[in-house]
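One-based numbering along the sequence shown. The structure presented is a predicted model; accordingly, all values stated were derived computationally and were not measured.
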Amino acid sequence: MKRLTIIGSTGSVGRNTLEVVKHLEGRLTVFALGAHSSVDTLAEQVSEHRPQVVAIADSASVAPFVRACRERGLSVPETFSGAEGLAHLAALGEADVVVSAAVGAAGLEPTYAALAAGHTVALANKEAMVLAGELLRKTAEDSGGVILPVDSEHNAIDQCLRAGSGSEVGRLILTASGGPFLDRPASEFKSVTRAEALDHPTWKMGPRITIDSATLMNKGLEVIEARWLFGIDAASIDIVVHPQSIVHSMVEFVDGSVIAQMGTADMRGPIQYALTYPDRIDSSIETLDWSAIPALEFRVPDRQKFPCLPLAYRALDMGGTAPAALNAADEVAVEAFLAERVAFTEIPRIIERVLDQHYPAPADSIGAILEADRSAREIARARTTMA
């Protein structure tokens, strides 16, 4: 029986994690839950899974959460609050696995705290590795912590790497769906609407990651993430566009053999893999119907049409806190686009301007990384006002 702490339990990944817990009753149990402010959802989760401890990042939501529990006739679990409460929850020693699924930069400090405590972390928070991959990797090495990726592409890479040793790896190949504008001419990008950009052809995701998929920035962030998750130089990490989203990613070994991980597009698959690692257990997701699979298509991404891709490689090459600045600029630019304050084509321009003004510092502390994040957001917000 593995005991889980789930940071971000009320979000999409958190809810899917709890679905896996229900499917694997008797193998997994919930020790602690952490959320930002969705008190009714959190109270329902407490009712069903009876965690011993809860943390709520928004301190003002603690009292409504207590009321929601009492209205349901529940005993209120021990409750921590604020960002420090989430970090404290992540470090508690009773958990066997910490699922890090908080959205955005808010997931960095809990992930760091869990790894510093020597935990196994099922990492669904992309931003943590983008902002602080080098620091988190070193922290895990020093503490004995383990990072198991939940993001479908990195989870696929992790599975493929079981076919060979690290010295045998030639390159990692991340697949991209291509988003909603794969075949739309770049000349029409300026007129892209919010609704069009949010209409992803394959995945149902949150607003920011859906827009990142439309700009292909999500793949650029995944390159940075893969660099630190697997210790592979950026020059050996490639991207191919694969609209069918059947192949989730691949590893090419030095002898030319390519191992691909394939499966249905269901986040419960990679979540269960991380939670039950190194074992494989029957899951509740649908298996592939080989007779219904269309022809598999692979294309080289157009980096001129999707300039966010080369910007991500540029930030990785700059090093230090540059990836943190890239991520912050992207988040601000996407927020501005979703608020219809800037055009779709302004997103990469804002990010480029932030990188132009960023002087990377060593990414060797949470403080340095958060300062880079803060500074980049300030510059990006000024640019969204000017755009």
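With hydrogens and angles ignored, the 3.5 Å screen pairs no side-chain donor or acceptor of His36 with any backbone N or O of Ala102. With hydrogens and angles disregarded, no donor-acceptor distance shorter than 3.5 Å links the side chain of Ser375 to the backbone of Glu371. Judged by distance alone, with hydrogens and angles left aside, the side-chain atoms of Asn125 form no donor-acceptor pair with the main-chain N or O of Ala101 at under 3.5 Å. Looking only at distances, no side-chain donor or acceptor of Ser100 sits under 3.5 Å from a matching main-chain atom of Ala124. Between the Glu168 side chain and the Ser165 main chain, a donor and an acceptor come within less than 3.5 Å of each other. At least one donor-acceptor pair closer than 3.5 Å links the side chain of Thr17 to the backbone N or O of Val13. The closest donor-acceptor contact from the side chain of Arg162 to the backbone of Pro278 lies under 3.5 Å. Of the possible donor and acceptor atoms, none in the side chain of Ser38 sits under 3.5 Å from a partner among the backbone N and O of Thr41. Judged by distance alone, the side chain of Asn16 and the main-chain N or O of Ser12 form a donor-acceptor pair under 3.5 Å. When atom types are taken as modelled, the side chain of Asp212 and the backbone of Met217 share no donor-acceptor pair closer than 3.5 angstrom.
Between the side chains of Ser291 and Asp289, at least one donor-acceptor pair of N or O atoms lies under 3.5 Å. For Thr321 and His358, the side-chain atoms include at least one donor-acceptor pair closer than 3.5 Å. Residues Arg280 and Gln159 have side chains that bring a donor and an acceptor to within less than 3.5 angstrom of each other. At a cut-off of 3.5 Å, with distance as the only test, a side-chain donor of Ser9 or Gln45 sits close to an acceptor on the other residue. Side chains of Ser213 and His200: a donor-acceptor N/O pair is present below 3.5 angstrom, by distance only.
Side-chain atoms of Val53 and Phe80, non-hydrogen and from C-beta on, do get closer than 4.5 Å to each other. The shortest distance between side-chain heavy atoms of Val99 and Thr5 does not fall below 4.5 Å. Here the side chains of Val251 and Val258 are not in contact, with every heavy-atom distance at 4.5 Å or above. Proximity of Asn327 to Lys126: side-chain heavy atoms (C-beta onward) are nowhere separated by under 4.5 Å. Using a 4.5 Å heavy-atom cutoff, the side chains of Leu288 and Met262 are in contact. Residues Leu316 and Val223 are in side-chain contact: their nearest non-hydrogen atoms beyond the backbone lie under 4.5 Å apart. Residues Met318 and Leu355 meet the side-chain proximity criterion, which asks for heavy atoms closer than 4.5 Å. Counting heavy atoms from C-beta outward, His154 and Glu222 have side chains that approach closer than 4.5 Å.
By the criterion of side-chain heavy atoms lying less than 4.5 angstrom apart, applied directly or through intervening Ile, Leu, Val, Met, Phe, Trp or Tyr residues, Ile211 is grouped together with Phe189 in one hydrophobic cluster. At a threshold of 4.5 Å between side-chain heavy atoms, the hydrophobic network of Ile, Leu, Val, Met, Phe, Trp and Tyr places Ile147 and Tyr273 in two separate groups.
Going from atom CD1 of Ile237 over to atom CD of Glu225 covers 10.5 Å, rounded to the nearest 0.5 Å. Note that OG1 of Thr384 and CD1 of Ile347 are 11.5 Å apart. Values are rounded to the nearest 0.5 Å. If you take CG on Leu33 and CG on Leu4, they are separated by 9.5 Å, rounding to the nearest 0.5 Å. Between atom CZ of residue Arg208 and atom CG of residue Asn218 there is a gap of 10.0 Å, rounded to the nearest 0.5 Å. Rounded to the nearest 0.5 angstrom, His248 NE2 and Asp151 CG are separated by 11.5 Å. Here Ile259 contributes atom CD1 and Glu252 contributes atom CD; the two are 11.0 Å apart, rounded to the nearest 0.5 Å.
The environment of Arg27 atom CZ is sparse: at most 12 non-hydrogen atoms of other residues, nucleotides or ligands sit within 6.0 angstrom. The neighbour count for Asp356 CG, taken as heavy atoms of other residues, nucleotides or ligands under 6.0 Å away, is above 12. Atom CD of Glu196 sits in a crowded spot, with more than 12 heavy atoms from other residues, nucleotides or ligands closer than 6.0 Å. Residue Phe298 places its CZ atom among more than 12 non-hydrogen atoms of other residues, nucleotides or ligands, all under 6.0 Å distant. A 6.0 Å sphere centred on CD of Gln357 holds more than 12 heavy atoms belonging to other residues, nucleotides or ligands.
Closest heavy-atom contact between Leu338 and Pro207: CD1-CB, 3.8 Å. The minimum heavy-atom distance linking Val146 with Leu115 is given by the pair O-CD2, 3.9 Å. Summarising the geometry of Phe337 relative to Ala197, their closest heavy-atom pair is CE2-CB, 3.7 Å, with the distance given to 0.1 Å. The shortest non-hydrogen separation linking Pro360 to Gly319 is CB-O, 3.4 Å. Across Gly34 and Leu86, no two heavy atoms sit closer than the pair CA-CD2, 3.9 Å. Taking every heavy atom of both residues into account, Thr175 and Ser249 meet most closely at N-OG, 3.3 Å.
The side chain to side chain donor-acceptor pair (under 3.5 Å) pairs that include a residue from residues 227-243 are Arg171-Asp238, His242-Gln244, where partners are two or more places apart or lie in different chains.
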Please tabulate, one pair per line, all N/O donor-acceptor pairs under 3.5 Å involving side-chain atoms of residues 299-311, not counting sequence neighbours.
residue : atom : partner : partner atom : Å
Arg299  : NE   : Glu297  : OE2          : 2.6
Arg299  : NH1  : Asp183  : OD1          : 2.9
Arg299  : NH2  : Asp183  : OD1          : 3.3
Arg299  : NH2  : Glu297  : OE2          : 2.9
Asp302  : OD1  : Gln304  : N            : 3.0
Asp302  : OD1  : Lys305  : N            : 3.0
Lys305  : NZ   : Phe181  : O            : 3.3
Lys305  : NZ   : Leu182  : O            : 2.7
Lys305  : NZ   : Arg184  : O            : 2.7

Cut-off 3.5 Å, no hydrogens considered: what does the side-chain donor-acceptor table look like for residues 59-68, sequence neighbours left out?
residue : atom : partner : partner atom : Å
Ser61   : OG   : Asp58   : OD2          : 2.6

I would like to know whether Arg353 and Glu346 meet salt bridge (Lys or Arg N to Asp or Glu O under 4.0 Å); could you show each step before the answer?
CA-CA 10 Å; Arg353 289 165 190 160; Glu346 281 299 308; 3.5 Å; yes
Evaluation steps, salt bridge (Lys or Arg N to Asp or Glu O under 4.0 Å), between Arg3 and Glu94
CA-CA 7 Å; Arg3 293 165 297 180; Glu94 290 87 343; over 6 Å; no
Let's go through Leu108 and Glu127 carefully: what are the C-alpha distance in whole Å and the side-chain angles of both, what is the deciding distance for side chain to side chain contact (heavy atoms under 4.5 Å, CB included) to 0.1 Å, and is it a yes or a no?
CA-CA 7 Å; Leu108 173 57; Glu127 288 81 5; over 6 Å; no
Would you please test Thr264 and Asp266 for side chain to side chain donor-acceptor pair (under 3.5 Å) and show each step?
CA-CA 6 Å; Thr264 52; Asp266 190 324; 5.4 Å; no
Residue pair Tyr277, Asp158: steps toward the side chain to side chain donor-acceptor pair (under 3.5 Å) verdict
CA-CA 11 Å; Tyr277 181 88; Asp158 194 78; 5.2 Å; no
Run the numbers on Leu28 and Leu275 for side chain to side chain contact (heavy atoms under 4.5 Å, CB included), then give the verdict.
CA-CA 8 Å; Leu28 302 172; Leu275 296 183; 3.9 Å; yes
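Exactly one residue among Glu19, His23, Gln272, Lys22 makes a side chain to side chain contact (heavy atoms under 4.5 Å, CB included) with Ser284. That residue is His23.
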